[in-house]
Amino acid sequence: MYKQKLKRKNRQLSARKSAKNTQLNSKFQEFKLGIKKLSPSWQACLPLACLIVLGWGYVAVAQTPDAGPTTAELKVALDTLWVAIAAFLVFFMNAGFGMLETGFCRQKNAVNVLSKNLIVFALASIAFWAIGFGIMFGDGNNFLGTSGFFLSGADNSPVTGDAYQGVFSALSWAGVPLAAKFLFQLAFAGTAATIVSGAVAERIKFVDFLIFSLLLVGIAYPITGHWIWGGGWLSEFGFWDFAGSTVVHSVGGWAALMGSAFLGPRIGKYQDQQVVALPGHNMSIATLGCLILWLGWFGFNPGSTMAADANAIAHIAVTTNMAAAAGAVAATGTAWIYLGKPDLSMIINGVLAGLVAITAPCAFVSIPASLIIGFIAGVIVVFSVTLFDKIRIDDPVGATSVHLVCGIWGTLAVGIWSVGPGVYSWYGEGAGPTAGLLAGGGLGQLFIQLVGVLTVGGITVVLSSIFWLLLKATLGIRVSREEELEGLDISEHGMEAYHGFVTETSPGGFPEGYDSSGISQDKY
């Protein structure tokens, strides 16, 4: 019985195997028939394809997986990414300056202002690469760098500290490639030149502004920058300016002040001992420009860490923002009380005043101190704008008040509110300014900051005056009366920003037939 069952089971298995073999033979015959239908060239490719597949499989099995980047390499990559993003934000501030200055000026000069803001960064890029970066950060002496021009010379960045070997020792603390260091500092240099643009707007010859920008970025700005950030004598003296209240803003402000003084006021600005308002033509884009600058400052200040230090970036971003907010509130209230109305232009300048003032001390002061610094800057800027008008320094956008006056205030604030070394981790052991006056440190740091303000201001005034006087004696720095009344858009560029709109031709900036309030005289 058992044998019968076994035979029956074997017959069933044999039948199944026979059916499977028949199916396989059928499929194989179909496969052969399919190959025969191919052209001879395709048939010849089949063995080669098999060899490639087998070779790939062998390589995939035999290959040893990569160990991956080290922690040090990842840190360099992360730091470089942060520095690049910060540089991009500072570069975007050029759009903010362009919108702000254009909105604060009259429509007949809009193309001229935009052209200056666009070309100035291009010129700054070339001048700073060729000579400025070397003077500012190249090894040399206590007064200027004498190496590293055209980004040439030895450099083993991102190696830092004692292991660094190169001609840019002043930046050996930053663990990023040299190109990243240059890109970030270039964005700052372009900002210094842009500050001048607004103060001399609506009456300067285009070519003179271009030449002055080259001289400022290539010579004046790097010399004082070397004193502070390039390991020069002010740095050794103990002067501290974290992100540039003096290095960038005051230098640009001093140059702007001298430009405004040598140019003289716009036609119709001061009449019969009275200050005549020449309103900007578009406060909408001026406000947009202010907001862009506010955003860009989050690259300007936190980016100056040159490293992705979470605690430092967060603290600096908060102090920066709080100072801007306090500046806006203070300027609004001051203008409301002092001028009778909450003037939008003063609100805008209040924001910028707070930002400029906190630029030097942002990493060295507490958050409550940043509020006080920004608030005082917002009050100062309102009175500063009216003061410059009283002494007949015509600054269409208030650049001198914002960048010079508040830059000086922010630099001195380091000596008043600095918490001293050892409080914040990003200082490094023994680094940073000493405690300020209100932090129990006495007058020492405040005196050092004052010396820095005066010396940087003195040399910038001297160099700027030389540049402006040379240009005035050779090319002449001011357009003719007819060109100024017509507008620089037509005389300098041959085009209008708003084609088809009413052209401003009166000394006050209003169309002929309208008074200073914009009301047609035909009513009377």
Do the non-hydrogen side-chain atoms of M93 and T194 ever get within less than 4.5 Å of each other?
no
Any side-chain heavy atom of V120 within less than 4.5 Å of one from V196?
no
Do we see a donor-acceptor contact under 3.5 Å between the side chains of S370 and T319?
no
Quick one about S418 and Q445 (side-chain donor to acceptor, distance below 3.5 Å, no hydrogens or angles considered), yes or no?
no
Please test S366 against W417 for side-chain contact (heavy atoms from CB on, under 4.5 Å), starting from the C-alpha separation and ending with a verdict.
CA-CA 8 Å; S366 66; W417 280 284; over 6 Å; no
For N109, run the side-chain hydrogen bond (donor to acceptor under 3.5 Å, both in side chains) check against E202, H493, R266, R203 and tell me which one passes.
E202
For Y424 and N311, run side-chain contact (heavy atoms from CB on, under 4.5 Å): C-alpha distance rounded to whole Å, both residues' side-chain angles, the deciding distance at 0.1 Å, then the answer.
CA-CA 9 Å; Y424 298 135; N311 291 325; over 6 Å; no
At their closest point, which heavy atom of [X] faces which heavy atom of [Y], and how far apart are they?
{"X": "V248", "Y": "A243", "value": "CG2-O, 4.4 Å"}
{"X": "F91", "Y": "A187", "value": "N-CB, 4.3 Å"}
{"X": "S245", "Y": "V356", "value": "OG-O, 2.7 Å"}

Donor-acceptor contact below 3.5 Å, side chain [X] vs main chain [Y]:
{"X": "H281", "Y": "C105", "result": "yes"}
{"X": "H226", "Y": "I135", "result": "yes"}
{"X": "N321", "Y": "V318", "result": "no"}
{"X": "W409", "Y": "I373", "result": "yes"}
{"X": "T460", "Y": "V251", "result": "no"}
{"X": "D241", "Y": "V247", "result": "yes"}
{"X": "H249", "Y": "V405", "result": "no"}
{"X": "Q449", "Y": "T411", "result": "yes"}
{"X": "D272", "Y": "Q274", "result": "no"}
{"X": "S464", "Y": "V461", "result": "no"}

Please report the C-alpha distance between F206 and I119 in whole Å, then the side-chain angles of each, then the deciding distance to 0.1 Å, and finally whether the side-chain contact (heavy atoms from CB on, under 4.5 Å) criterion is met.
CA-CA 10 Å; F206 189 67; I119 194 64; 4.0 Å; yes
Could you work out, with salt bridge (Lys or Arg N to Asp or Glu O under 4.0 Å) as the rule, every residue matching E484, not counting sequence neighbours?
R478
With sequence neighbours left out, what residues match D208 under salt bridge (Lys or Arg N to Asp or Glu O under 4.0 Å)?
none
Aromatic ring pairing F97/H403, orientation class (parallel under 30°, perpendicular over 60°, tilted between):
tilted
Aromatic rings F188 and F300: how do their planes relate, parallel, tilted or perpendicular, breaks at 30° and 60°?
parallel
Test ring-ring contact (aromatic ring centres under 6.0 Å, His included) on F137 and W229; report intermediate values, then the result.
CA-CA 7 Å; F137 295 106; W229 288 348; 7.1 Å; no
Counting only heavy atoms not in F447, do more than 12 sit closer than 6.0 Å to its CZ atom?
no
Take atom OH in Y270; do more than 12 heavy atoms of anything else shown fall under 6.0 Å from it?
yes
With sequence neighbours left out, write down each residue that passes side chain to side chain donor-acceptor pair (under 3.5 Å) with K181, or none if nothing qualifies.
S157
Please report the C-alpha distance between W297 and T359 in whole Å, then the side-chain angles of each, then the deciding distance to 0.1 Å, and finally whether the side-chain contact (heavy atoms from CB on, under 4.5 Å) criterion is met.
CA-CA 9 Å; W297 238 282; T359 298; 3.0 Å; yes
